[in-house]
Amino acid sequence: MRTSKFFLLVAAAACLVACGGKSGGAPDFGDNEYPVETVGASTAMSQTTYPATIKGVQDVEIRPKASGFITRVNVHEGQSVGAGQVLFVIDNETFQAAVRQAQAAVNQAQASINTAEAQLSTSKLQYDNSVQLHANGVIGDFELQSSKNAYTSAQAQVNQTKAALAQAQANLASAKENLSFCFVKSPASGVVGSLPYKVGALVSASSQPALTTVSNISAMEVYFSMTEKDVLEMTKSAGGLNAAVSAYPPVRLKLADGSVYAHEGRVVKVSGVIDAATGSVSMIARFPNPEHLLKSGGSGSILVPRENSSAIVIPQSCVSEVQNKKFVYVLGAENKVKYTEITVNPQNDGVNYVVTGGLNIGDKYVTNGLTKLTDGMEIVPITPAQYKKKIDESGKIGTDGSAKGFVDAMTGKK
């Protein structure tokens with residue numbers, strides 16, 4: 001019989017522990033006392049997350065200016081290249097022939113100039129001689145004028161051949177430029193992207209996709225968007241958009257695998273135009289990429305730290321959750337509690353909530369015994385310290401969290 005009584009006492013103690021311990025139930029003091037805490041301002045650190053796209057500081061699509069078959073591919077995917085390095089060679093026999101033809105035209109024009117200049121020199125000597133003879137009365141005006149006309153014609157011939165040479169030289173330069181288009185070079189230093197075309201493929205300036213992309217990944221630009229409201233608040237508080245960008249805190253980058261990138265980034269650019277379709281503003285943060293871990297075209301999330309010096313922070317143990325909604329018991333008039341819905345920042349540390357709505361500084365809320373409370377119930381508010389003292393004095397819970405103190409008291413043990 002005594003054994004049965006002992007087990008009944010243990011069961012009763014366990015029930016009391018379940019009601020007054022970690023489950024949120026209150027010890028049955030018999031006086032309807034519940035601990036109440038006053039809402040105060042705290043400093044809370046949080047972060048806002050924005051979806052982001054990663055790009056190199058310079059992503060250049062490589063396209064040919066000349067049409068033809070690819071005869072040589074000089075690079076492979078992921079290779080680092082320098083500015084001016086030849087990436088592809090396009091069939092250029094026709095262009096080489098055009099260069100040779102243009103060069104021949106230049107040579108011919110140069111020969112014509114040499115001939116015309118020789119004729120000009122002869123005409124000038126004849127004209128000078130005619131001037132002397134006319135002065136001595138040896139020849140008449142007709143012969144002098146004829147000699148002058150021949151000299152003028154020789155001058156015109158020289159000018160004409162020089163113009164022809166200039167035209168031939170221009171044609172040669174154009175032919176050489178067309179030939180150079182067959183050697184597709186990288187306009188910048190960077191890393192080669194995918195290579196969709198192989199040797200033998202017919203390509204042109206309009207080919208889709210491009211021959212490849214060269215990305216400068218020494219640093220990366222991460223694109224994300226903020227709402228128009230957030231940008232306006234940021235601009236007003238900083239006194240201007242440029243000042244807001246300069247004062248923007250360092251940001252972190254969460255990668256696709258969930259890890260956080262080791263280097264911090266800085267916001268360097270903000271779009272001056274609001275996207276009418278989304279109501280958002282594009283922002284660009286630049287991150288160093290010394291290990292070349294970040295790749296152009298990747299995705300992630302920008303993490304923006306926020307410090308709130310007037311935040312309302314309450315323990316999660318004081319909050320009950322029903323159908324994804326969160327509630328606390330707020331102490332109202334005549335010491336009656338009100339079941340009040342609150343909103344919280346979705347990002348938390350697993351211990352506390354940062355309340356964003358439903359509670360104000362100065363409000364009082366119940367911290368323990370939530371499972372025994374009902375909306376409108378009248379309670380006797382005490383401080384959390386008094387509540388803890390009553391728990392300790394009641395002997396319902398031992399210092400090790402067990403029901404030993406209560407059992408000892410009931411069985412007469414000391």
Side-chain angles (χ1 to χ4, degrees), residues 53-107 109-110 165-223 253 261 263 265-266 268-269 282 284-299:
T53 302
I54 304 171
K55 295 183 180 180
V57 292
Q58 186 179 28
D59 288 345
V60 183
E61 287 189 342
I62 306 300
R63 298 182 180 276
K65 288 186 177 182
S67 299
F69 295 98
I70 295 177
T71 58
R72 193 163 69 246
V73 178
N74 294 335
V75 292
H76 55 78
E77 290 91 342
Q79 178 179 339
S80 296
V81 296
Q85 183 174 338
V86 177
L87 309 179
F88 304 89
V89 178
I90 296 175
D91 181 30
N92 50 58
E93 288 295 332
T94 301
F95 296 97
Q96 288 183 2
V99 170
R100 290 193 294 269
Q101 184 177 1
Q103 183 64 61
V106 169
N107 295 340
Q110 186 63 59
L165 175 61
Q167 180 65 46
Q169 289 173 334
N171 291 339
L172 176 61
S174 177
K176 287 182 176 180
E177 184 176 16
N178 290 335
L179 176 60
S180 70
F181 293 157
C182 296
F183 300 88
V184 183
K185 300 177 181 179
S186 175
S189 299
V191 177
V192 176
S194 62
L195 298 172
Y197 300 99
K198 307 303 178 183
V199 172
L202 179 62
V203 294
S204 66
S206 59
S207 294
Q208 292 293 341
L211 297 185
T212 190
T213 300
V214 174
S215 301
N216 181 353
I217 61 172
S218 58
M220 304 299 288
E221 290 186 340
V222 180
Y223 291 71
L253 176 63
Y261 187 54
H263 304 282
R266 299 288 305 188
V268 294
K269 303 175 188 176
S282 178
I284 302 175
R286 182 167 293 182
F287 287 80
N289 192 28
E291 299 89 4
H292 292 178
L293 179 63
L294 303 181
K295 304 297 182 185
S296 186
S299 62

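Everything numeric here is computed off the predicted structure, so don't read it as measured data.
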What verdict does the side-chain hydrogen bond (donor to acceptor under 3.5 Å, both in side chains) test give for T213 and D59, after you've listed the backbone C-alpha separation in whole Å, the side-chain angles of each residue and the deciding distance to 0.1 Å? CA-CA 7 Å; T213 300; D59 288 345; over 6 Å; no
Distance in Å, [X] [atom1] paired with [Y] [atom2], rounded so as to fall on 0.5 Å steps:
X	Y	atom1	atom2	value
N92	F181	CG	CZ	13.5 Å
N216	Q58	CG	CD	6.0 Å
T212	F88	OG1	CZ	5.5 Å
M220	H263	CE	NE2	13.0 Å
T94	L179	OG1	CG	10.5 Å
S204	K65	OG	NZ	14.5 Å

Point to revise | Chi angles and distances behind the salt bridge (charged side-chain N to carboxylate O under 4.0 Å, His left out) call for K55, E221 | key: CA-CA 5 Å; K55 295 183 180 180; E221 290 186 340; over 6 Å; no
message = Set out, in order, the CA-CA distance, both residues' side-chain angles and the distance that settles side-chain hydrogen bond (donor to acceptor under 3.5 Å, both in side chains) for D91 and T71, then state yes or no.
response = CA-CA 6 Å; D91 181 30; T71 58; over 6 Å; no
Would a distance-only check, ignoring hydrogens and angles, find a side-chain to backbone donor-acceptor pair under 3.5 Å from [X] to [Y]?
X	Y	answer
N289	L294	yes
Y197	P209	yes
R63	S207	yes
S174	N171	no

Is the number of heavy atoms from other residues, nucleotides or ligands within 6.0 Å of CD (Q96) greater than 12? yes
Pair I62, L87 - check side-chain contact (heavy atoms from CB on, under 4.5 Å), show working. CA-CA 9 Å; I62 306 300; L87 309 179; 4.1 Å; yes
Heavy atoms of F95 and C182 approach each other most closely as CD1-SG, 3.3 Å
